[in-house]
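Given the structure is predicted, the values throughout are model-derived calculations rather than measurements.
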Amino acid sequence: MSQIRRDAPRFTPLFAMANERKTLEERALMSDIERLRHSCAHVMATAILRIWPDAQFAYGPPVENGFYYDFQMAHRLTPDDFEKIEAEMKKIAKENQRFERRVISREEAIALAESGRLGGLSERPGNPSQFKLDLIAKIPESEEISCYQNGEFLDLCAGPHVGYTSKCKNVKLTAVSASFYMGDESKGQLQRLYGTAFESKEELEAHFVRLEEAKKRDHRRLGKELKLFHIDEDVGQGLILWTPNGAVVRQELQNFISEELRKQGYHQVFTPHIGKLALYKTSGHFPYYKESQFPAIVEQDQLEQIAHEGCTCAEMTSRLDAVSAQFAAQINERTGAEVIGPDRVMDAEKLLDGFLLKPMNCPHHIKIFASQPRSYRDLPVRLAEFGTVYRWEQSGELNGMTRVRGFTQDDAHLFCTEDQVAQEVLGCLSLVKTVLTTLGMEDYRVRVGLRDPDSAKYAGRPEQWDRAETACREAAKTLGVPFTEEPGEAAFYGPKIDFVVKDVIGREWQLGTVQVDYQLPIRFDLSYNGPDNKPHRPVMIHRAPFGSMERFCGVLIEHFAGHFPAWLAPEQVRVLTISEKVDAFAADVFAQLKAAGLRATLNNDADKIGAKIRNAQLDKVPYMLVLGEQEAAAGGVAVRHSKKGDLGVQSVADFLAAITDEVRERRL
RNA sequence: GCCGGAGUAGCUCAGUGGUAGAGCAUCUCAUUCGUAAUGAGAGGGUCGCGGGUUCGAAUCCCGCCUUCGGCUCCA
């Protein structure tokens, strides 16, 4: 996987940014709860103005689970202010102000904004409603301009709203943060205050209970409780240490994928974690994406040389980024475009060489493909690797296992003829489907990213694109799951198909992805010998059913809330003794479990059975075997399942047969 | 990277300028027990790191690191 966006799966924002103007028709579709929350944003603004009259408001839309308002004022909010603002909001709700809509002319709107009246409790001379002026300028001439007033608060607003502020009493402020004005970093920062609101007090309370539940299955928390992984400051941010329990889960997942890959005719390869800069200059990833890569590793003698020359940092950078005239000419000729401009060309003796921690695996796989002559009879060549890559994510973006700086992709690259693309894409899709089905992730949708016909940014010939897009569309259809086609969502080098999985809490994650690529084979000048005994250009397919082991495991921990099915569980069976009298029998049962290849432990501590069961439950061990004198006498085991409870007594042989079947079949 | 929280024992947390605390976990001893916590005792801390104020700093101030919630970015 490579040019594929990041490690592919990522959190999909559930709501569009507020600076994307909604049409009046879209606004009219606002649901009751959104209408309520939008009104709450106005009530919140009213409350803030009563306390800090200088506040200037920008946008205040409803969002998933609540609402916010962006504003600017001298006082910097902290959570300590919430109580005061909430109290004022409750007061406003009690005052039961009516929301009144009024249509005004553009001139009137501008006059109101210039006087500071819009988004204020009164006129504010010398403090014009600057953000509202911007908003007015954005409203098309054809659209009518309206404002809403509740009590003294008058705001530019298309609505709709609830009738009276008394509806807005079940409200709670949740967070304060900074946001960029119009989502643009250069336009300065606003304060953003988030809240949530519901029709009833009960629903509001239920919402916070749900949030608590979600916290309990947070993979970072469970990762610590179940000792699945560790992140250590001294190792570095965003670098996952897989502890023994987590390593079991990952290894089982990799075994699962590997089995499927063997069935589908893939070849496993291994490649190193670094590669020379030239490799990434050829692929086009360096220097264009160096912001999100670890800096180049320069050889010791070159470093000493440039230090000796008194080379500045900027000089060093340009000498690393540059290429020789010959190199530039080669790439430009292959691609038929000036992809490397004259500004990057430098005398060969001035060039600095170095290595890059690999940010993707494709160039290495491409070199394996190119390492020997290929015939059309060899195609498709499918190279797979659990390949570890490193990317420099911004520190604020790092999150547990789901956004990291070093991660392992369940990556593969398929090299095929154009005629084989459809078949291969379908194979990739069915693999992703198998993976998701096996893990019980049934709630997903498929997104087919197509090129935007108006745009010229796409590389390659239109007829190739047509064929590839048809192939993707047909493959998605064959899958038998709902899919959407999204023009403009293709990568510049080819169409792609993403799997967007909804987790138990309703969040959407982009996991598996399949992308068709015409560009890298050109840049690396790949070819195979065709039936006509002439060289032909292969097509590449990048794909990763999990995306990355790290993110997938993170999502999986939350998906199962830590209760892994037996085949994935780090500890599958725990033998619990009731008293020392059964130690010998327990040791025998334990030995049989180990001999059957199960991940089992024996707890013959001096604790009471209740405590042992409690500990096993907390460790989320799927099977507990309770052994007392009765079981020892009968030669059986009392089976307890962590979710199903007491399953009664079985013979050791029966239990072994049942659990080994369950594990082998990867049952949920 | 930006805004705002937070960082005290392995974990969860209390402690607002005057001798570092609790529960759980760990260890020791006793208990031999039937489906989510047996009892007693013990050990365990450069209070994130560095600097400053003070007779005295976990506590106040400054810088940094890490982490959380957002924003932004995302091949």
Can you tell me which nucleotide in [options] comes closest to the side chain of [X]?
{"X": "A/A606", "options": "B/A36, B/G69, B/U31", "value": "B/U31"}
{"X": "A/R403", "options": "B/G34, B/A37, B/C74", "value": "B/C74"}
{"X": "A/Y194", "options": "B/U38, B/C71, B/G34", "value": "B/C71"}
{"X": "A/S179", "options": "B/G4, B/U35, B/C71", "value": "B/C71"}
{"X": "A/E580", "options": "B/U32, B/G69, B/G34", "value": "B/U32"}
{"X": "A/K608", "options": "B/G34, B/C33, B/C68", "value": "B/C33"}
{"X": "A/V626", "options": "B/C71, B/A37, B/G34", "value": "B/G34"}
{"X": "A/Q237", "options": "B/U66, B/U38, B/G34", "value": "B/U66"}
{"X": "A/I613", "options": "B/U72, B/A36, B/U38", "value": "B/A36"}
{"X": "A/R640", "options": "B/U35, B/C73, B/G69", "value": "B/U35"}

Tell me what [X] touches on the nucleic acid: a base, only sugar-phosphate, or nothing, going by heavy atoms under 4.0 Å.
{"X": "A/E233", "result": "sugar-phosphate"}
{"X": "A/G610", "result": "sugar-phosphate"}
{"X": "A/K224", "result": "sugar-phosphate"}
{"X": "A/A616", "result": "nothing"}
{"X": "A/N399", "result": "sugar-phosphate"}

A/F552, A/F499, A/F407 screened by ring pair (Phe, Tyr, Trp, His ring centres under 6.0 Å) with A/F546, the one that passes | A/F552

Phosphate OP1/OP2 of B/C74: any A/R391 side-chain N/O under 4.0 Å = no

Distance check: side-chain N/O of A/Q191 vs OP1/OP2 of B/C3, anything under 4.0 Å?
-> no

Could you state the atom-to-atom distance from CG of A/L618 to C1' of B/U35 in whole Å?
-> 14 Å

Reference residue A/H364; test side chain to side chain contact (heavy atoms under 4.5 Å, CB included); the match among A/I274, A/L279, A/L383 = A/L279

A/T601-A/E571 side chain donor-acceptor pair, cut-off 3.5 Å = yes

Identify the nucleotide, in any strand shown, that forms a Watson-Crick or G-U wobble pair with [N], with both distances under 3.5 Å; if there is none, say none.
{"N": "B/C71", "result": "B/G1"}
{"N": "B/G21", "result": "B/C13"}
{"N": "B/U28", "result": "B/A40"}

Classify the side chain of A/R221 and the base of B/C11 as holding, or not holding, a donor-acceptor pair under 3.5 Å.
-> no

Check whether the ring centres of A/F294 and A/W392 lie less than 6.0 Å apart, and answer yes or no.
-> yes

B/C49 and B/G43, which share atom name C1', separated by this distance in whole Å = 27 Å

Provide the distance between the two C1' atoms, one in B/A42 and one in B/G4, to the nearest whole Å.
-> 43 Å

Assign each of A/R614 and A/E629 the nucleotide of RNA chain B bearing its closest heavy atom; nearer the 5' end lies the nucleotide of A/E629

Do NZ/NE/NH1/NH2 and the carboxylate oxygens of A/K227 and A/D619 come within less than 4.0 Å?
-> no

